[in-house]
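Just so you know, these numbers use all the heavy atoms, side chains as well, and skip hydrogens, waters and symmetry mates. A note on names: the letters A, B, ... follow the listed sequences, proteins ahead of strands, and every chain is numbered from 1. The shown structure was predicted, so the numbers you read here are calculated from the model rather than taken from an experiment.
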Protein chains: 2
Amino acid sequence: MSALSDNASGTETTSDTAKAGAGRTIISVDAMGGDRGPAAVVAGISRSAKKNPDIGFILHGPREELKRLVARKRPLAGRVEIRNAEGVVSMDDKPSQVMRSGKSTSMWSAVECVRNKEADVCVSCGNTGALMMLSVVRLRKLPGVNRPAIAILWPSRNPQGFNIMLDVGADIRADEHDLLQYALMGASYARNGMGLDRPRIGLLNVGTEEHKGRAELKAAHDLMAKNAENSNFEFVGFVEGGDIPGEKADVIVTDGFTGNVALKTGEGTASLIGELLREAFKFTPLSRLAALLAYTSLRRLSKRIDPRRVNGGVFLGLNGTVVKSHGSSDATGVSAAVKLAYTLSQSGFSEKLAARVASAVQVQQDAETSGDVSGERDGPNT
Amino acid sequence: MSALSDNASGTETTSDTAKAGAGRTIISVDAMGGDRGPAAVVAGISRSAKKNPDIGFILHGPREELKRLVARKRPLAGRVEIRNAEGVVSMDDKPSQVMRSGKSTSMWSAVECVRNKEADVCVSCGNTGALMMLSVVRLRKLPGVNRPAIAILWPSRNPQGFNIMLDVGADIRADEHDLLQYALMGASYARNGMGLDRPRIGLLNVGTEEHKGRAELKAAHDLMAKNAENSNFEFVGFVEGGDIPGEKADVIVTDGFTGNVALKTGEGTASLIGELLREAFKFTPLSRLAALLAYTSLRRLSKRIDPRRVNGGVFLGLNGTVVKSHGSSDATGVSAAVKLAYTLSQSGFSEKLAARVASAVQVQQDAETSGDVSGERDGPNT
């Protein structure tokens, strides 16, 4: 018998994680919905399987198609359980529509595996809005979290090579309490995903002076300064756009609107420079020779800033962790997302984040009870 | 007698523009307040003078120091009038403080030349906040403009090589009417500064679907669509961060908070890539050889995206135009800012922008009178 689970029912499957598992860390992977189809996803998880013997997969999508793809990849033998799901969430589907009629989709099935604790972390290249809504509704928000956030990694001058920025688009609004939550969640991510003991948190603004910026930013500044000690992060105050790839902070906190614009601006700028660089090297025979000689140098550079290698927006603030891989992810991108999912799962990130948020909520409640903090916010458990 | 104006009084000077002028286009230049001091500014205007025989300068700062610097630059002979101003606005000065006690500063004096019509455009490398406040108070807003804006040029894939983005930090707030004004002003800038007949305007958002984003963005979307025809621009709808260096729009409209973050994120990303590129080329003897061979290619690239060459945030929406050059501008940067100031002055930009805004206000008023537009906004003349 093959290592693949091949019970024949629809989305209903026996949970035969032993096949993929055997002591391995299980990652739930949505095989569908990416721009490059399931072949890229299977190639990606195969790469991860080859590099890391401790990962097992539950793979969601049309069984027969996935069976064929998985059978071709030797590193996946005995490492993958397939869960049949015939439906696919497309990039154009409205999130609300997916909520109403998406039960048969691979995305739904992949998130469900986290909900029922078969996996700690799920990975999908699909429609971000739908994945976010599904994740919020099915996994539910952690107690004390008002708005979940999407955190991404950004190439930076810091020793760890990357900074974390959140929110980059889960929600277009954030008040000071949301921003404090983002700081707590970002710090937890930096500790568990990057191994930083005491991450430095910066709050994104249009200047570093304390009097600048919108009212909610000033309030968030004070809240973060007050909570830094208890929550085991260092608060470096306001930072500017130039600090996102800088070395002043490890975690950049902002609302989802600003974060999304910054992310896409940075990506767009990097991609324009890459194009212009390629053009520049094509210009003369001499420059084409130079490009040949520079090949490894340029490869080293492009590896360092390749967005596929920092692939994976992480949804934070839910009961379980969801890694959103780029829609256009190829095997390299999917493999990077799986690596991130593995690191987070290994470190027990979901539980630690939950505990961290809960303890901050407790501190806040105690302070409110003792009258130390003005009680204008929504109840922290709503 | 030297070509320099050398009357000895304080900020009070005879206005001997004939010396700098003689049919030339006069640019008012603040020699002080940049990080590199007046020598860089004088070197910059000297470069511009050499390239373009039609520019004359009124230069503001401590007379004796400027006299010495100008005397050393042959291209400036007979082209510069010096206005003595002993005070300097530093980067740390609060704008309000400059308003109260800044009359003796070179910045004040430089703006005053635009106010009294001796020059159409003024250039300063000084403190942005102080320059903005001074400009607003002394030049006053154009009738119908609620919030002035700072517009910058961004290297892009478009044939003209650059896109315009505004606001990048004049104000951290903008409602739909402000955003419409930005569209009008940006379109006018694109026509007069870039020679685009019918600029394409995009409104920055976190997605291109019409239902996405904040309420004021949806309202601005409708207002811009309605005004495009009359105001002679093409409205391309919502654009994303990745389109700022893209080819979808010539002008990107956003609020000053988002624009400032995007600008600094883009600059920071470009500068990180530049550093990594230099590091990559230093890595091995072979890559150092490659770097030598690639020298002209890389120079071509860096020239294309060199921020000094697109130097100059332009303050729009005032009676007169102010070009804010980077604080760290060297001669190349100052010369680029002067070139931009010259182009705008030559095209009669200040008057055309004023006319354009006035005509849009008229259309708006007519529409309101005829009941075509709901009258919720502030009176356009307040």
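Residue contact with chain B, scored on non-hydrogen atoms closer than 4.5 Å, involves the backbone and the side chain of A/S271 alike. Neither the backbone nor the side chain of A/D171 comes within less than 4.5 Å of any heavy atom of chain B. Using a 4.5 Å cut-off between heavy atoms, A/L204 contacts chain B through both its backbone and its side chain.
The heavy-atom pair separating A/W154 from B/T269 by the smallest distance is CZ2-OG1, 3.8 Å. Of all non-hydrogen atoms in B/L272 and A/P245, the two that sit nearest each other are CD2-CB, 3.8 Å. B/R214 and A/D255 make their closest contact through NH2-OD2, 3.4 Å (heavy atoms, listed as atom of the first residue, atom of the second, distance). Between B/K264 and A/V206, the shortest heavy-atom distance links the atoms NZ-O, 3.6 Å.
Here the straight-line distance linking atom OG1 of B/T265 with atom CD1 of A/I252 works out to 9.5 Å at 0.5 Å rounding.
Taking A/G268, A/G129, A/G241, A/G242 one by one and counting their heavy-atom pairs under 4.5 Å with chain B, the maximum is reached by A/G241. If you tally non-hydrogen atom pairs under 4.5 Å between each of A/L263, A/T258, A/I244 and chain B, the highest count goes to A/T258.
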